[in-house]
Amino acid sequence: MANYLAQFQAIKNTSDRLVVAVEDVSDLWPSVKEGLEKRLPLKKASLNNKTRNPVYVENLQAEFILTTDSRLRSRFPQEQYLFWFREPYATIVLVSCEDLDEFKTILKPRLKLIVQNEEREWFIVFVSKAHPNNDQATKNAKKVYARLEVDFNTRKRERCCKLDLNGVDASFWEDFDFKIVESIRNTLDRRAQFYEEEIRKMSEQRLMPVWNFCNFFILKESLAFMFEMAHLHEDSLREYDELELCYIETVSTPGKQRDFGGLEHGDDQAALLKPGFKPLSQIVQDDSFREFEFRQYLFARQVKLLFRLGRPLEVVMRGYSFIISFSKTLALHENTLPFCLREVWVISACLAIISSTSSTYDGLAAPDNEKEFYRLHGDLYSLCRIKFMRLAYLIGYGVEIEKSPVNSASLSMLPWPKPSIWPAVPEDASAKVLAKEKLILQANPRMKHFNIQRKQLPLEPSSLLREANRRRASLSVGNLSELIDYRQIDGSGIDGHQKFSPSTTNSMSRTYSGPNLESSLSLDRPMRISEVHVAAEHALENTVTDPDLLKSLSSLEEFEQKYMELTKGAADNYHHSWWKRHGVALDGEIAALCFKHGNYDLAAKSYEKVCALYAGEGWQDLLAEVLPNLAECQKILNDQAGYLSSCVRLLSLEDGLFLAKERQAFQLEVVRLAHSEMKHPVPLDVSSLITFSGNPGPPLQLCDGDPGTLPVTVWSGFPDDITLESLSLTLTNTLNTDEGVKTIKSSDAHILKPGRNVIKLDVPPQKPGSYVLGVLTGQIGNLRFRSHNFSKGGPQDNDDFMSYEKPTRPVLKVLKPRTLVDISAAVSSALLMNELQWLGLIVKPIDYSLKGSLLSIDTGPGLMIDESHTIDINEYAKTMEDKVHAHDSNTITENNTHPLEPKQLYIENGKIALPDWASDTSTTLWFPVHAIDDRMARAASAVSCADSPHRQNMVDGMRTIALKLEFGAFRNQIFERTIAVHFTDPFYVTTRVANKCNDGTLLLQATIHSQVKATLCLYDAWLDLQAGFVHVRKENGRPVSSFFPLVISPSSTAGILFSICIDNMAIAADQNEVVQAESILNVMYGISGDRSNGAHSPTSLKLGSSDKLFFKVAIALQRPILDPCIAVGFVPFSSNCLRVGQLINMKWRVERLKDLEASPSSSCKDEVLYEVDANPEIWMIAGRTMGHALLSNARGSRTEITVTCMPLVSGHVRPPQLGLPAMDDANISCNPPGPHLVCVLPPTLSSSYCIPA
Amino acid sequence: MIASVAVVGHQNNPLYLQSFTNANDALKLHHIVHCSLDVIDERVNNPKRSVSTLNESYLGLLYPTESYKVYGYLSNTKAKFLVVTTDLDVKDADIRSFFRRFHAAYVDAVSNPFHVPEKKIVSRTFAQRVSGIVKAFAAGTNG
């Protein structure tokens, strides 16, 4: 059956559509042909797939062929059976007849004969030529058709339809389509069943010796082909898949040694899209096919179907995995294949898949599929690129390939080709060898920028030189590698070449011993690397048939162009597929090539992308590889900011990635640029290099308004010391974000050592709140750098891509305004007026140092500081408060904590500088002050007993002192207070006439009330009387009895009695003299008090001395009233108790005591003006409260004034008083006097009263 | 032969990378591991493609190329474990058990209270343990 392969191939090539046979019984074909062929392709056909499920096929192609056609007639029955798929799928019998008899006798038997073949699917088209107007003819035709239907239709199936040539009925065509599809479907089902049965039968013989894959293949492919013709591509594809599986199983069964193929010219180009690349008959081998061609053939068939199905994605998917798996297969047969056929084949296969699918891909797929599609394209490009690089390396372009991680990863783990014999140098290749050597020598081994010493990554799995020579040597003398010590050769083929000098090879060649020593030079001595390249190039030229590929490998420029194209293709597709890491890594390769060609702009852009990716994810090792390249680009492009930033990033990479020397070089670059080249300041972020943190421990605390110094730890990542022109930091208030950030500066130039530095920054007064560090800025030359990075007290954190939440630990706390100091008066009790007194001020720092503070004192009116005296200062001991009442006061305030500290201060310009020792302790300052009061003290009459004079005295004695304390580090804090100090006379005096003797002697009692918190001691007292009074017995004014010295304890009183009498004589004598209006009490006294308690002996005197003080009090004495002319007497109430609401009569009796002549003050002769004074809230007065009462002028005349009133409130209330406004009080004698208070009872319970509101 | 093992943090930052090749070419393995993250990203973000492995840490073969293979494993904390092997014929079960031991070693290492999460693992004990696991794996596959 395998012999039929060629024929099978031919049939497949010719038949691409279903055939419908036309049995033209009545020679109608020419007239109906056009109409019938218009129906093709069949618009919609319902077919059954292999699993007998209905499938709708659109535009099913078919072809009408007359049975008389040679194509159908010339077939042998066996062929028909074998290639059944090409046989007609339906037979249309075209009939026309207008005579029933004719039909019965001639046509019917003939038709029966035609349709008797059971295997055919047929139906009859009765063509009526009758004109519609010709009734007879129409009738006859109808009759004949009716007969036809009776004869050929069965119950199950109608096989007849009628076509009117004149006036076609639309329903006919539907009927026709239906019938034709029905026939095709039935035939298809039957044939599929047949093939399946055959295939099943054959499959059962799989393991038998008779098994022949070719036969199986013909059957299977026939079925597949039939499905394909019927547009059942899915089924067809499945058949091919099964076929492939079956083939792989057949191939992999051990035993038979088969040819692999791939040795013919042109085999290096993949035939993945060309099923007709080679005729199957050429690749048949025994009972099967050669694997190399056949698997490609199968794949090409599958791809064709996939394209028909509109699945380019699947093409790529299958394509990629096919290439990978087929490449492995090629590797297995590598020793039989031409040199590097595998690589060349993969390149062409990848490119073929890419070009075929990218043109058909419409981009309307689901996003996921689209990504997958691009990803696979990227993979294909990438694979192609690797193989291409491998080829280029073999022919000597390796020196120009970037030794990047990407290339190294792809190439260094990819084994060398393993041909059975490594290609030898062609005969006349010396010129080429020289050229290659030149290429190698001229290739400047690319120096890393910044002189970075880094071992280059390998691009080869093992030394090419060694591999090539080993493979050649194994051919001649065995294992050459054992003869030559290659251990010195490390990785790179170029290095190997350099070490492998010609002299060495010569000496080596002499040591060889082998059978072929004389045969060929190329076999004798090891090849040099240039020879290896030339040999490989030569061999490749034999392998490669693709002119494009040959061209790409022909020169370095062509290679680089192709390399760029493939790399870009891979990168772009990976970017589309969101495999960004793949894409970006390849971008780096593009950049390298751009850089090489001087296209620095593009190179920088690509390198930036690469660096951003690596930096973003923290792959510092990879970053360290690319970043110098970016820096170099930026340097060339004169992108100073970028270059600086790159240098800083280089510096901030992990330790260990660069040598100290290299890091120093980076720093030098930064400093050089910063100081010399840049014309304008360039901002730069050095967050990764310079980090900072507050000092560990509690934050610096400042009081509101205070400046301070904030120590900050700055970590420098520079390898050497670096000088900063300025440095500043921002502070952010965590409580109040409205304020924005505050910048604190350190203007001094700093030299940052590598590692930890502590820098002190001045903090101006800040608002209250808690501050965290914000941004560090500074300047190096023209470089303005910023750092946002906090270090946590350790070395700077390199993983800046994962910045944790910034620590919110405050470094500075500015406290809310509070009282920092308190100044109060040390003594609350009064001091002596008009004497030099110590005024004590307690200066109390409240957790705040008063160092260097200055106290300004401004005394108010009536107070002055005696500047001739020094000011005492001593520590205010807390114990003082406890002992304040103790009298051994001298020891209290003296505290010997600071025995050497000055205790005497001077006041200058009203300001006192507090000593340093007093800065943290509470101190008491004692000022000598003098309160001045010009007025003389006046004694009060004890009779009137009014407190007001005394009170008046209190206010008069008040003096104020305004204090202003400037303190703080810069005297920025101000404390102001005005303190009231109370001064007083030592005592005040009340007088009263204690007794009036019958002889006219008055006993004047002067009561002395001590007003100070000190013991007063009266040494002497005398009274200078005013005119009209004289001392009894003309004494010198001393008191009656002498008790001096008289000691008056604080707050106690003492009395002195003077006996005086009225001087009746003096009245006349005084006419011409200056009358002393007041009497004066002179007191000689001493005071023993402590200044810490209050009044004390004046400052000028020594404490505790007995020097006497002098005090004068004016006493107003009045001559007694001798002429009361009217007496007012209160008439007692009629009832004992008063009640609220009860009307009572209040009566006063007024009696004239003297004749009117003696009292000239009265203006009205016979009447007296009275007024009742009552509190209206207490009393309701009925009747007149004011009026004149008749009173005759004669002595003894009397009258009675009655006022009716009603108490309104209960309690002890002041009763209404009767006043005589026209009279002087002195002329009124109250006898008996009215009560001060009367008792008013509440109203009785049973009664109710209206009480005015 | 295992060429390299790596632990990558949940932000795709390298936490630990150890190569076991003799040549000084760790950088290419960095590249391979880094690129493999693309595959992990894709698998993690498209769970429907890997329904069967949704609830499994082991991600399987990530990256078949002609010359090496990369296998991946994803912990619950999104730490990724990767193995680059030049051995093209490795049993899945071996790799799985390798990853389980590798994961256990990692868990022990990061449980160290002095280890800062998401920072590189510098523990020597961990390195030794990983080397031991790799050796055991090599012995297991060869033997």
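Here is the naming used below: chain letters follow the sequence lines, and residue numbers restart at 1 for every chain.
Per-residue heavy-atom pair counts under 4.5 Å with chain A were compared for Val84(B), Leu27(B), Asp38(B), and the maximum is reached by Asp38(B). Looking only at heavy-atom pairs under 4.5 Å with chain A, the residue among Thr86(B), Ile32(B), Asp41(B), Leu37(B) that has the most is Leu37(B). The choice from His582(A), Glu625(A), Met413(A) that makes the most heavy-atom pairs within less than 4.5 Å of chain B is His582(A).
When every heavy atom of His576(A) is checked against every heavy atom of Lys371(A), the shortest pair comes out as O-CG, 4.1 Å. Across all non-hydrogen atoms, the minimal contact from Pro14(B) to Glu617(A) is CD-O, 3.4 Å. For Leu627(A) against Cys611(A), the heavy-atom pair with the smallest separation is CD1-SG, 3.6 Å. Smallest separation of non-hydrogen atoms from Ser408(A) and Pro458(A): OG-O, 2.7 Å.
For Val39(B), the parts lying near chain A are the backbone and the side chain together; criterion is any non-hydrogen pair under 4.5 Å. Within the 4.5 angstrom heavy-atom criterion, atoms from both the backbone and the side chain of Leu622(A) approach chain B. Heavy atoms of Leu383(A) lying under 4.5 Å from chain B belong exclusively to its side chain.
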Query raised in the report: Given Tyr574(A) and Asp379(A), is the side-chain hydrogen bond (donor to acceptor under 3.5 Å, both in side chains) satisfied, shown in steps?
Result: CA-CA 8 Å; Tyr574(A) 278 135; Asp379(A) 282 346; 2.5 Å; yes

Query raised in the report: Taking it one step at a time, do Glu589(A) and Ser404(A) satisfy side-chain hydrogen bond (donor to acceptor under 3.5 Å, both in side chains)?
Result: CA-CA 8 Å; Glu589(A) 300 309 305; Ser404(A) 61; 2.7 Å; yes

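Both the sub-6.0 Å distance and the 45° axial angle are not jointly satisfied by Arg466(A) relative to the ring of Trp416(A).
Proximity to chain A at a heavy-atom threshold of 4.5 Å picks out nothing from residues 93-101 of chain B.
A 4.5 Å side-chain heavy-atom check between Phe20(B) and Ser131(B) finds at least one atom pair inside the cut-off.
For Ser19(B) (side chain) and Ala3(B) (main-chain N/O), no donor-acceptor pair under 3.5 Å exists by modelled atom type.
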